[in-house]
Amino acid sequence: MKIAPIRNENDYRNALARLEDIFDAKKGTEDGDELEILSILIDKYENENFPIGMPDPIEAIKFRMEQMGMKQKDLAEVVGFKSRVSEILSKKRKLTLGMIRKLNTTLHIPTEVLIQDY
């Protein structure tokens, strides 16, 4: 087992290739240990070099509604009037703190996502 830091794109590609080679290694074996360490290094490199930003709050609401099979009238029960829901989803009305709390509780969308500017 030869483990080295991932410092550049070439190291990253080599690490991914090695990971693919040992992907089915059994836990507790030398290859299994290498797989675990390599996974951590790859994850760290990806988080530093390919960060994924948080989604737009309104798009997150729409996505979660779709996942849960909710319609605008269902969301009206959470945030108020149907017209208010329409204004929120079209970004004409900002979310209030109370709405954010209810959306977090009901739709399980992290508050960090919902409090962003849009």
Side-chain angles (χ1 to χ4, degrees):
M1 171 173 31
K2 183 180 179 229
I3 300 289
I6 301 173
R7 294 188 178 105
N8 54 47
E9 187 69 28
N10 190 49
D11 291 346
Y12 175 65
R13 281 194 305 273
N14 290 335
L16 288 176
R18 178 63 183 151
L19 183 76
E20 190 174 323
D21 290 343
I22 60 172
F23 190 75
D24 294 324
K26 298 215 184 294
K27 198 171 188 168
T29 65
E30 188 174 332
D31 281 349
D33 291 346
E34 183 180 0
L35 175 67
E36 188 174 348
I37 294 167
L38 205 50
S39 297
I40 293 167
L41 291 172
I42 290 170
D43 184 56
K44 181 180 182 299
Y45 182 84
E46 289 176 344
N47 288 336
E48 290 174 358
N49 293 281
F50 312 114
I52 298 174
M54 286 196 275
D56 174 82
I58 303 307
E59 293 306 315
I61 292 168
K62 290 177 182 177
F63 178 74
R64 192 67 180 124
M65 286 174 63
E66 184 180 319
Q67 283 184 321
M68 297 174 75
M70 291 178 73
K71 304 285 183 217
Q72 283 192 18
K73 66 180 174 87
D74 300 320
L75 194 60
E77 295 173 13
V78 178
V79 298
F81 304 105
K82 194 173 180 182
S83 60
R84 185 174 295 157
V85 171
S86 197
E87 291 173 343
I88 290 168
L89 295 180
S90 65
K91 298 184 179 182
K92 292 180 182 174
R93 178 185 289 264
K94 297 287 184 181
L95 295 170
T96 65
L97 184 56
M99 290 177 195
I100 289 170
R101 287 180 177 146
K102 288 177 184 176
L103 290 166
N104 171 258
T105 303
T106 308
L107 301 182
H108 307 288
I109 300 172
T111 54
E112 300 84 44
V113 172
L114 295 170
I115 62 171
Q116 297 178 95
D117 282 331
Y118 57 92

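Side chains are part of it too, since the values below use all heavy atoms of this structure and drop only hydrogens, waters and symmetry mates. Not measured: the values here are computed from a predicted model. Starting from 1, each residue takes its place in the sequence as its number.
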Are any non-hydrogen side-chain atoms of [X] and [Y] less than 4.5 angstrom apart?
X   : Y   : result
I61 : L75 : yes
R7  : Y12 : no
R13 : N10 : yes
N47 : I52 : no

Step through the shown structure and confirm whether more than 12 heavy atoms of other residues, nucleotides or ligands are within 6.0 Å of [atom1] on [X].
X   : atom1 : value
E30 : CD    : no
K44 : NZ    : no
F50 : CZ    : yes
Q72 : CD    : yes

With sequence neighbours excluded, what pairs up with E59 under the salt bridge (charged side-chain N to carboxylate O under 4.0 Å, His left out) test?
K62

At their closest point, which heavy atom of [X] faces which heavy atom of [Y], and how far apart are they?
X    : Y    : value
D56  : Y118 : OD1-CB, 3.5 Å
A4   : L41  : O-CD1, 3.7 Å
V113 : A60  : CG1-CB, 3.8 Å
G32  : T29  : N-OG1, 2.9 Å
I22  : D31  : CD1-O, 3.8 Å

Answer with yes or no whether the hydrophobic clustering places [X] together with [Y]; edges join I, L, V, M, F, W, Y residues whose side-chain heavy atoms lie under 4.5 Å apart.
X    : Y   : value
I115 : L89 : yes
F23  : L16 : no
M54  : F63 : no

Pick one: which of L19, I37, D11 meets side chain to side chain contact (heavy atoms under 4.5 Å, CB included) with I42?
L19

Quick one: [atom1] on [X] to [atom2] on [Y], what's the gap to the nearest 0.5 Å?
X    : Y   : atom1 : atom2 : result
E20  : L35 : CD    : CG    : 12.0 Å
E48  : D43 : CD    : CG    : 10.0 Å
T111 : L95 : OG1   : CG    : 12.0 Å
E46  : I6  : CD    : CD1   : 8.0 Å

Do the side chains of [X] and [Y] get close enough for a salt bridge, i.e. N-O under 4.0 angstrom?
X   : Y   : answer
K82 : D74 : no
E34 : R18 : yes
E87 : R93 : yes

Exercise answer: donor-acceptor pairs, residues 99-108 side-chain atoms, under 3.5 Å, sequence neighbours excluded:
from	atom 1	to	atom 2	distance (Å)
N104	ND2	I109	O	2.9
T105	OG1	R101	O	3.0
T106	OG1	K102	O	2.8

